[in-house]
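Take a look at the structure set out below.
Sequence lines set the chain letters: A, B, ... in the order given, protein chains first and strands last, and positions in each chain run from 1. In what follows, every heavy atom counts, from backbone to side chain, and hydrogens, waters and symmetry copies are set aside.
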Amino acid sequence: MLPLTWDIMVQGLSEVVKLVLLVATVVIILEALAYLILVKWLKLKNALAFMLILPALVGVAILILYPFGFNIYLAFSNMSMYRFKEFSVGLKYGIGNLLDVFRVPVLQRVTFFQLFLRTFLWTVINVVFHVLGGLFLAILLNRPMRGKAIYRTLLVVPWAIPQVIAALAWKCEFHYQYGFVNILLEKLGFQSVQWMSDPFWAFVAVVIVNIWLGIPFMMVTILGGLQSISPDYYDAAQIDGASGWQQFRFITLPLLNPILTPAIILGVIWTFNNFNVIYLVTGGGPMEGTDILVTSLYKAVFEFYRYGFGAAYSLVIFLFLLVFSMIYLRISGGFKGAWEA
Amino acid sequence: MTHMQSQETTLPKTGFPTYSRTRRKALLKSASIHLVLIVACVIAVYPFLRVVSISLRPGVSLLSTSLALIPEGATLDNYRTLIFDKDFTIWLWNSLIVSVATVLIGLLLAATAAYAFSRWKFPGRRQGLVFLLLTQMLPPGMLLLPIYIMVVRLNLFNTYTGMIIAYSVGSVPFSIWLLKGYYDTIPKELEEAALVDGADPLITFYRIVLPLAAPALAIAGLFSFMTAWNEYMMARVMLQKASMFTWPLGFQRLRDQFTTQWGIFSAASVLVAIPVMLLFLYSSKWLISGLTLGGLKE
């Protein structure tokens, strides 16, 4: 047990305050230099804009661009835990790493293609349920009714709970003997399920947890969209004798599109990239049966210490996401309107 | 069925039959909507109520198969053990100072950059905004290895500084988008008037625009605070010393001793989750308009 003493607090605070002041000083120096050079000396047209962006640009360069480049460099190396300081870099390592992604099991059993298929299933099942569940609840809530604010607040709870807590708590509840899921199943006359030792049921378990976590976001987003649709459209449609389904199909869905599109893209990216839920609930097990791409990436790097391979693997995963987003944006017309103003 | 019959008898006999039928239909519809919503609420809230309930269990009945929400012999023992005999307070402290520093640095970088994106039509503006979006797409773990190697080489492993540096830029792209959206809604006439009076554009920004954008700064700050506060993966790689653990690492350790510490883990979860949930519920309205990237703008 480590007590939180006064000393620890003072020490921590002074370290952190020093760091923040250091960063602030660097930012001010950067801006001042940019001001003198770009604005006063060169008198460029957009000098002020570049000066204002400069600190963020430097930050992004150091902590996103440089690591990204370094990651590509690592992909062409044979770095591992044993070769942490003396590793070699070369085209042959890069090609080898890249081929290994598709050729050998990423961890011990599961291959890239199995993982890809599982990630695809994981993403599609989750996002479909998120959107359908969110749409359903949003439509129910989008009317004048008693207790609306209470319902809305309670329904948002799964999103509001810190994900780490939700995942760890659900892991307890999938315990064979003491978790409420099995206790409930038995009370309803079903058999208990081996949630954590059967790969199939473990996958069902993580999907249940993630659906539970993800519906509120879609519900709230869609509800916001529904509320922005003018009731005049529905009045006009009713005068023309449109049925409930027709109104939904030809008024609600098209007018919801500008909100649904970014929400679905975000939902797909978040689900595809969801590390916490799977890693904390099942750890990817049993027998790598619930690993998806991002959890196997983490494990390949930080549990199997295959750094060069992991870097190449992460590039492959990133490319898949990028291509998906590009295609989706092209088809749906994406973020029109976000550039203006 | 009895409910419907009683409805019928209370309606005046002389009323129009069509009227009573539509009314009955409307009542039925409204009742079923409420029923569905109540079931959905129970599903949404029950797992957390279970956590609260388990945190109140006395040690002897920790492993019970009871589903009662208020356990027999409910006690606050688990909370007492958690606060006085575990590293709980130190985990919270670590999380707190790392998160606050992350927010300060993140806002420092994002506030001015977002203003430039909002007010100037410079070449590369659009590409810059798209690039910021793309960074949100990087698989988690992709930059983890290079940043980990950087931090190890700089001897910042197991330090607050290393954690804060690793976190600081993470939420900057989102903050820039959110703040840009907000600056867009501030009328340019305000600044133009000041410029006509001969004020410097930078001073105008600090004196006029920034104070007006205070709500957006608060929301962006809150968002990056929550991101850092709830982060798990980076912390797991960067921190190995127990005295440096942030709460997600500590909680996982508690949960690993499930059969003996379930109650303590649950008590810890309740204490962390309740303030976070309240903050979240209070701020979610603004978060969403930021998340949909101006999609909600009329």
Among the listed options [options], the residue most often paired with chain B at heavy-atom distances under 4.5 Å:
options                                : answer
A/Tyr35, A/Phe50, A/Tyr307             : A/Tyr307
A/Gly179, A/Gly310, A/Ala167, A/Ala169 : A/Ala169
A/Phe275, A/Phe302, A/Phe68, A/Tyr279  : A/Phe302
A/Lys187, A/Gln177, A/Met145           : A/Met145
A/Val301, A/Leu137, A/Leu280           : A/Leu280
A/Leu57, A/Val156, A/Asn273, A/Leu154  : A/Asn273

Using heavy-atom distances under 4.5 Å, tell me whether [X] contacts chain B through its side chain, its backbone, both, or neither.
X        : result
A/Tyr66  : side chain
A/Tyr313 : neither
A/Ile62  : both
A/Val27  : side chain
A/Lys171 : both
A/Ala166 : neither
A/Met79  : side chain
A/Leu168 : both
A/Phe136 : side chain
A/Ile150 : neither
A/Met219 : neither

Of the backbone (N, CA, C, O) and the side chain (C-beta and beyond), which part of [X] lies under 4.5 Å from a heavy atom of chain A, both, or neither?
X        : result
B/Ile165 : both
B/Gln136 : backbone
B/Ile105 : side chain
B/Trp247 : side chain
B/Arg119 : neither
B/Val152 : side chain
B/Phe88  : neither
B/Val36  : side chain
B/Ile97  : both
B/Thr159 : both
B/Leu63  : both
B/Ile43  : both

Quick one: does [X]'s side chain have a donor or acceptor within less than 3.5 Å of a partner on [Y]'s backbone?
X        : Y        : answer
A/Trp159 : A/Met218 : no
B/Ser55  : B/Ser266 : no
A/Glu173 : A/Phe180 : yes
A/Asn46  : A/Ala49  : no
B/Thr246 : B/Ser95  : no

### Query
How long is the span from the CD1 atom in B/Ile90 to the CE atom in A/Met9, to the nearest 0.5 Å?
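Between B/Ile90 CD1 and A/Met9 CE, I get 10.0 Å after rounding to 0.5 Å.
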
Which residue out of [options] racks up the most heavy-atom pairs below 4.5 Å with chain A?
options                               : answer
B/Val272, B/Leu132, B/Thr65, B/Leu92  : B/Thr65
B/Ile38, B/Val172, B/Val98            : B/Ile38
B/Phe251, B/Tyr115, B/Phe205          : B/Phe251
B/Met150, B/Met233, B/Met277, B/Arg50 : B/Arg50
B/Val100, B/Val51, B/Asn94, B/Leu144  : B/Leu144
B/Gly124, B/Ser243, B/Pro139          : B/Pro139

Heavy-atom pair of closest approach, residues [X] and [Y]:
X        : Y        : value
B/Ala101 : A/Val16  : CB-CG1, 3.4 Å
B/Lys86  : B/Leu254 : CD-CD2, 4.1 Å
A/Pro158 : A/Leu213 : O-CD2, 3.4 Å
B/Ser118 : B/Asp184 : OG-OD1, 2.7 Å
A/Ile64  : B/Leu138 : CG2-CD1, 4.2 Å
B/Leu69  : B/Ser53  : O-CB, 2.9 Å

### Query
Parallel under 30°, tilted from 30 to 60°, perpendicular over 60°: which one fits the rings of B/Phe117 and B/Phe122?
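Rings of B/Phe117 and B/Phe122: tilted, 30 to 60°.
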
### Query
Would the number of heavy atoms belonging to other residues, nucleotides or ligands and lying under 6.0 Å from CD of A/Gln227 be above 12?
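Atom CD in A/Gln227 is crowded, with more than 12 foreign heavy atoms closer than 6.0 Å.
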
### Query
Do other residues, nucleotides or ligands put more than 12 heavy atoms under 6.0 Å from A/Arg143 CZ?
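More than 12 heavy atoms, drawn from other residues, nucleotides or ligands, come within 6.0 Å of this atom.
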
### Query
Is there a donor-acceptor contact under 3.5 Å linking the side chains of A/Glu15 and B/Thr161?
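Side-chain D/A pair, A/Glu15 to B/Thr161: present.
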
### Message
Is there a side-chain contact between B/Leu202 and A/Glu31 in this structure, where contact means two heavy atoms from C-beta onward sitting under 4.5 Å apart?
### Response
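No, too far: nothing below the 4.5 Å cut-off.
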
#### Entry: Derivation and outcome, side chain to side chain contact (heavy atoms under 4.5 Å, CB included), residues A/Val20 and B/Ile164
CA-CA 9 Å; A/Val20 172; B/Ile164 294 165; 5.9 Å; no

### Option from A/Leu74, A/Val294, A/Leu297 for which side-chain contact (heavy atoms from CB on, under 4.5 Å) with A/Ser314 holds
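So, applying the side-chain contact (heavy atoms from CB on, under 4.5 Å) to A/Ser314 and each of A/Leu74, A/Val294, A/Leu297, only A/Leu297 qualifies.
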
### Query
Does B/Trp262 have B/Arg57 sitting over its ring (NZ/CZ under 6.0 Å from centre, angle to axis within 45°)?
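Verdict for B/Trp262: a cation-pi partner in B/Arg57.
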
